[in-house]
Amino acid sequence: MKVIIQDGEFDPWKAVQEYQSENIADGKHGASVTFIGSMRDFNDGVDDLSKMYLDHYPGMTEKHIERVCEDALNKWDVLDAFVVHRVGNIAPNDAIVLVAVWSEHRAMAFDACRFIINDLKHRAPFWKREANEDGERWVEGNTVDEVADQHSDMAKRAS
Amino acid sequence: MKVIIQDGEFDPWKAVQEYQSENIADGKHGASVTFIGSMRDFNDGVDDLSKMYLDHYPGMTEKHIERVCEDALNKWDVLDAFVVHRVGNIAPNDAIVLVAVWSEHRAMAFDACRFIINDLKHRAPFWKREANEDGERWVEGNTVDEVADQHSDMAKRAS
Amino acid sequence: MKIAIKYFASMRDTMGKANESVDISEKSSVADLWGAVTQNPMPENTLIAVNMEYTSSEHVLNEGDEVAFFPPVTGG
Amino acid sequence: MKIAIKYFASMRDTMGKANESVDISEKSSVADLWGAVTQNPMPENTLIAVNMEYTSSEHVLNEGDEVAFFPPVTGG
């Protein structure tokens with residue numbers, strides 16, 4: 001298990017490929033689920049985002065995410081988890097967060113990956129500050145994603 | 001959208017990275033979810049799998065998966081989907097299947113990716129033939145994953 | 001009318017062939033086709049595709065159709 | 001006793017500083033600490049961590065604790 005908080009660009013596909021080849025035993029995992037969150041150039045009605053700054057709480061952020069990954073590993077019998085999260089200045093289209101999970105079977109990998117990214121969005125101490133031509137603003141809550149999560153949960157119950 | 005049925009090894013992380021850089025517009029997706037299924041060296045009590053052969057129905061397999069991806073794109077407002085599935089001879093630890101989905105928000109990407117891989121496991125015409133020292137056998141159903149799926153669904157409803 | 005048949009996986013082993021071409025009477029169903037190629041009953045969980053679309057054994061065939069018989073799938 | 005305070009994001013802008021060190025009496029709670037540094041009420045959705053663990057404003061502090069105040073998180 002590894003959690004990296006990083007100031008500066010990273011290639012998420014390369015990062016996960018390297019982590020897997022160095023850390024995941026050959027032939028033991030049947031499933032791997034990866035979530036990558038990237039910076040859109042629009043958000044909540046602002047459609048010309050030019051840059052973003054991501055603040056965090058050094059020390060607590062790492063500690064919090066590590067504990068969440070441990071919880072996921074225990075809860076779903078997952079083999080390993082790997083998280084990279086950017087901080088500092090971020091440009092549109094940059095990868096912000098990578099969550100990768102390996103398990104024997106696919107259901108556990110999906111559940112654990114989604115658990116980690118949801119906790120990370122709701123509880124890990126990061127704060128986004130967006131900038132466009134009109135100036136800068138602290139982002140207040142991941143509103144659209146909340147609605148999407150609820151919608152998805154409802155659809156699942158209805159189907 | 002692209003579906004590739006391929007006889008021969010592939011690097012799933014490289015494949016998805018290349019697909020993204022060639023096909024996904026910069027700054028429009030906020031979320032990407034990837035599932036990778038790999039060959040374990042054990043399955044259903046057989047613990048020394050040495051190789052596997054994957055049969056398929058040329059023509060129908062592609063057609064079936066393409067339709068499932070289209071359904072997922074329509075149902076979840078997903079931006080794009082990319083699937084690679086191996087056929088022919090496969091060695092332990094090889095990637096067998098890649099399902100990658102891009103969307104604005106994470107809930108849709110998770111739901112659509114899971115929908116595609118679940119359909120692919122239950123409905124797409126592929127058949128695994130496993131070999132170990134005792135000989136060869138056609139695999140009969142993804143039993144462990146079925147149980148895991150059900151377990152996960154129950155846990156979700158209970159929580 | 002002429003019908004092309006394909007068998008996959010364990011069904012191919014059971015039938016001892018990967019494909020065959022059969023001449024049967026107009027308005028035959030998939031079940032009729034099965035009866036024309038073997039005296040054995042169709043295994044309970046057999047999947048059927050006509051022209052690469054899943055269907056049932058009641059499906060009525062047309063000249064030139066491609067019919068596939070196969071066991072439950074195990075991909076991914 | 002000495003308490004180290006950290007402010008993040010919009011809370012840092014509101015307080016006009018990123019951190020400070022405060023001397024308060026034994027057995028003070030987080031709420032007491034807030035009252036010692038500002039006359040303004042604590043914004044409703046403020047999150048509180050003591051020694052990097054989430055807690056509530058009733059949490060009773062100890063010498064050397066690090067207390068952080070911040071708005072709802074927006075990572076990922």
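Computed from heavy atoms alone, side chains included, the values below leave out hydrogens, waters and symmetry copies. So that the names make sense, note that chain A is the first sequence line, chain B the second, and so on, each numbered from 1. Note that the structure is a prediction, hence the values are computed from the model and not measured.
No side-chain heavy atom of A:V83 sits under 4.5 Å from any side-chain heavy atom of A:K2.
Counting heavy-atom pairs closer than 4.5 Å to chain B, the top residue among A:V99, A:D94, A:V33 is A:V33. Note on B:A100, B:G30, B:A31: by heavy-atom pairs under 4.5 Å with chain A, the leading option is B:G30.
By the 30° and 60° cut-offs, the orientation of the rings of A:W102 relative to A:H29 is perpendicular.
Looking at B:R137, B:E136, B:M52 one by one, the single match for side chain to side chain contact (heavy atoms under 4.5 Å, CB included) with B:R129 turns out to be B:E136.
Donor-acceptor pairing under 3.5 Å is recorded for the side chains of A:R106 and B:N118.
At a 4.5 Å heavy-atom cutoff, A:D77 makes no contact with chain B through either its backbone or its side chain.
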